[in-house]
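Atoms within a ligand are numbered from 1 in the order they appear, just like the ligands themselves. Fair warning: this is a prediction, and the values are worked out from it, not measured in the lab.
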Amino acid sequence: MVPFLDLKRQHVAIRSSIDAAIAKVIDNTAFIGGEEVKNFEAEVARFLRAQHAIGLNSGTEALALGLRVLGVLPGDEVVVPAFSFVATASVVAGLGATPVFADVDLDTFCLDPESFQSAVTRRTKAVIPVHLYGQTADMDGILRVARKRKIAVLEDACQAIGARYRGKWAGTLGDIAAFSFYPTKNLAAMGDGGLATCTDRDLAEKLRLMRDHGQTVKYQHATWGTNSRLDALQAAVLRLKLRQLNNWNSARGRIASRYAEELGGTPLILPKVAEFRDHVWHLYTVRVPGGKRDALREFLTERGIASAVHYSIPLHRQPCFAFLPQRSAPRAERLCNEVLSLPMFPALREDEQEAVVQAIRAFPF
Ligand SMILES: Cc1ncc(COP(=O)(O)O)c(C=O)c1O
């Protein structure tokens, strides 16, 4: 059996230090805020070369608060890629604003700047480029359109911690960025967790207030807010894991290179790393041509090899967005029929990877 992702392997290797960090938080009984959260924010800001990092309880909350502090209001439009995890668009709808779906680039799977440009109207307030699978979107192209039209840029970096564009870290490329520490992510909490980063001090201050009921001093609330705090147990775990993140991302890179070498002669369309980008391989997602994706997936399952589809329905076709005017995004639709994610995690063994490659080579394309 080759698992798609085996979290236990990582945990076993760092169990004793995690146990000690958790025990310390419990002994101190400082469960909300405090030193662990503050230190994690400082350390992750340093890692990302970000001016400000604000710990939150999920990537979804980072996106939702990001939109709010960027001033997105009910009735505004926010351009999002039609090919992403649903949260990218549902946070827009959750504010009473309208997600406007633009198409993606077939090579990078990320928002296509031209499609973004044609989706812009007078009401466009923000755009959410998603750094999908661990590679940043074409930020030059997106920023060119956004700056000209005074559109705020909220990076969805939930899958891309450590990825870079022209040497700059994802999370420092737009106005605000959102990260997720969901347990499957490259930097993973032991539960839910998230982060917002930004350069502007006022935006950072607003995010800090908003995550804690707009509270300035105890029971004084300068603005209305919510409870979106990262808790101390998760922060303690994340601090430990952050120290390993570069090693883990490098291990992912080696696995991706081996897939590229060994699958190069097959009919699969392999993922490309575009100009100016460093990929962190949250997912290794290939395209299966000729309508054979589901058959290949079944073939692999029969041979004990797990795989996954990210994603099978484009956002504009999701039932939850049926109330919106229908738009077309033919490349997103095509990808939904072609993509297949192969096993990818830092502790994936070479013999397991070889089994994946051999099984794919045996498939009658
Ligand atoms: C692209 C993308 N956006 C947003 C999210 C939401 O993050 P979370 O699950 O931490 O709320 C995720 C992760 O699941 C994601 O992959």
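Annotation for ligand 1: atoms under 4.0 Å from non-hydrogen atoms of V130 are 1 (C). Of all atoms in ligand 1, listed by their number and element, those nearer than 4.0 Å to a heavy atom of G59 are 7 (O), 8 (P), 10 (O), 11 (O).
For atom 9 (O) of ligand 1, the nearest protein heavy atom (residue, atom name, distance) is S180 OG, 3.9 Å. Regarding atom 16 (O) of ligand 1, its nearest protein heavy-atom neighbour is Q159 NE2, 2.9 Å. Nearest protein heavy-atom contact of atom 4 (C) of ligand 1 is C158 SG, 3.5 Å.
Only side-chain heavy atoms of D156 come within less than 4.0 Å of ligand 1; its backbone N, CA, C and O stay farther off. Residue-level proximity to ligand 1 for S58 is carried by backbone and side chain together, each with a heavy atom below 4.0 angstrom. Contact annotation: for D192 versus ligand 1, there are no heavy atoms closer than 4.0 Å.
A side-chain donor-acceptor contact under 3.5 Å links K125 to the backbone of G71. Not one N or O on the side chain of E155 forms a donor-acceptor pair closer than 3.5 Å with the backbone of H131. Side-chain atoms of D103 come within 3.5 Å of backbone N or O of A332 as a donor-acceptor pair.
Checking only distances, K185 does come within under 3.5 Å of ligand 1, N or O to N or O. Close N/O approach between F85 and ligand 1 is not found [any backbone or side-chain N/O within under 3.5 Å]. The distance criterion of under 3.5 Å between nitrogen or oxygen atoms is met by T60 with respect to ligand 1.
A side chain to side chain contact (heavy atoms under 4.5 Å, CB included) with L56 is found for exactly one of D192, L195, L65, namely L65.
Of the charged side-chain nitrogens involved, at least one lies within less than 4.0 Å of a carboxylate oxygen, so that R208 and E41 count as a salt-bridged pair. No salt bridge links R331 with D105; every basic N to acidic carboxylate O contact stays at or beyond 4.0 Å. Of the charged side-chain nitrogens involved, at least one lies within less than 4.0 Å of a carboxylate oxygen, so that E36 and K24 count as a salt-bridged pair.
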I'd like to know whether H52 forms a side-chain hydrogen bond (donor to acceptor under 3.5 Å, both in side chains) with E205, so could you lay out the CA-CA distance, the side-chain angles of the two residues, the decisive distance to 0.1 Å, and finally the verdict. CA-CA 9 Å; H52 305 282; E205 191 50 34; over 6 Å; no
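Residue contacts with ligand 1 leave out E61, since none of its heavy atoms falls under 4.0 Å from the ligand.
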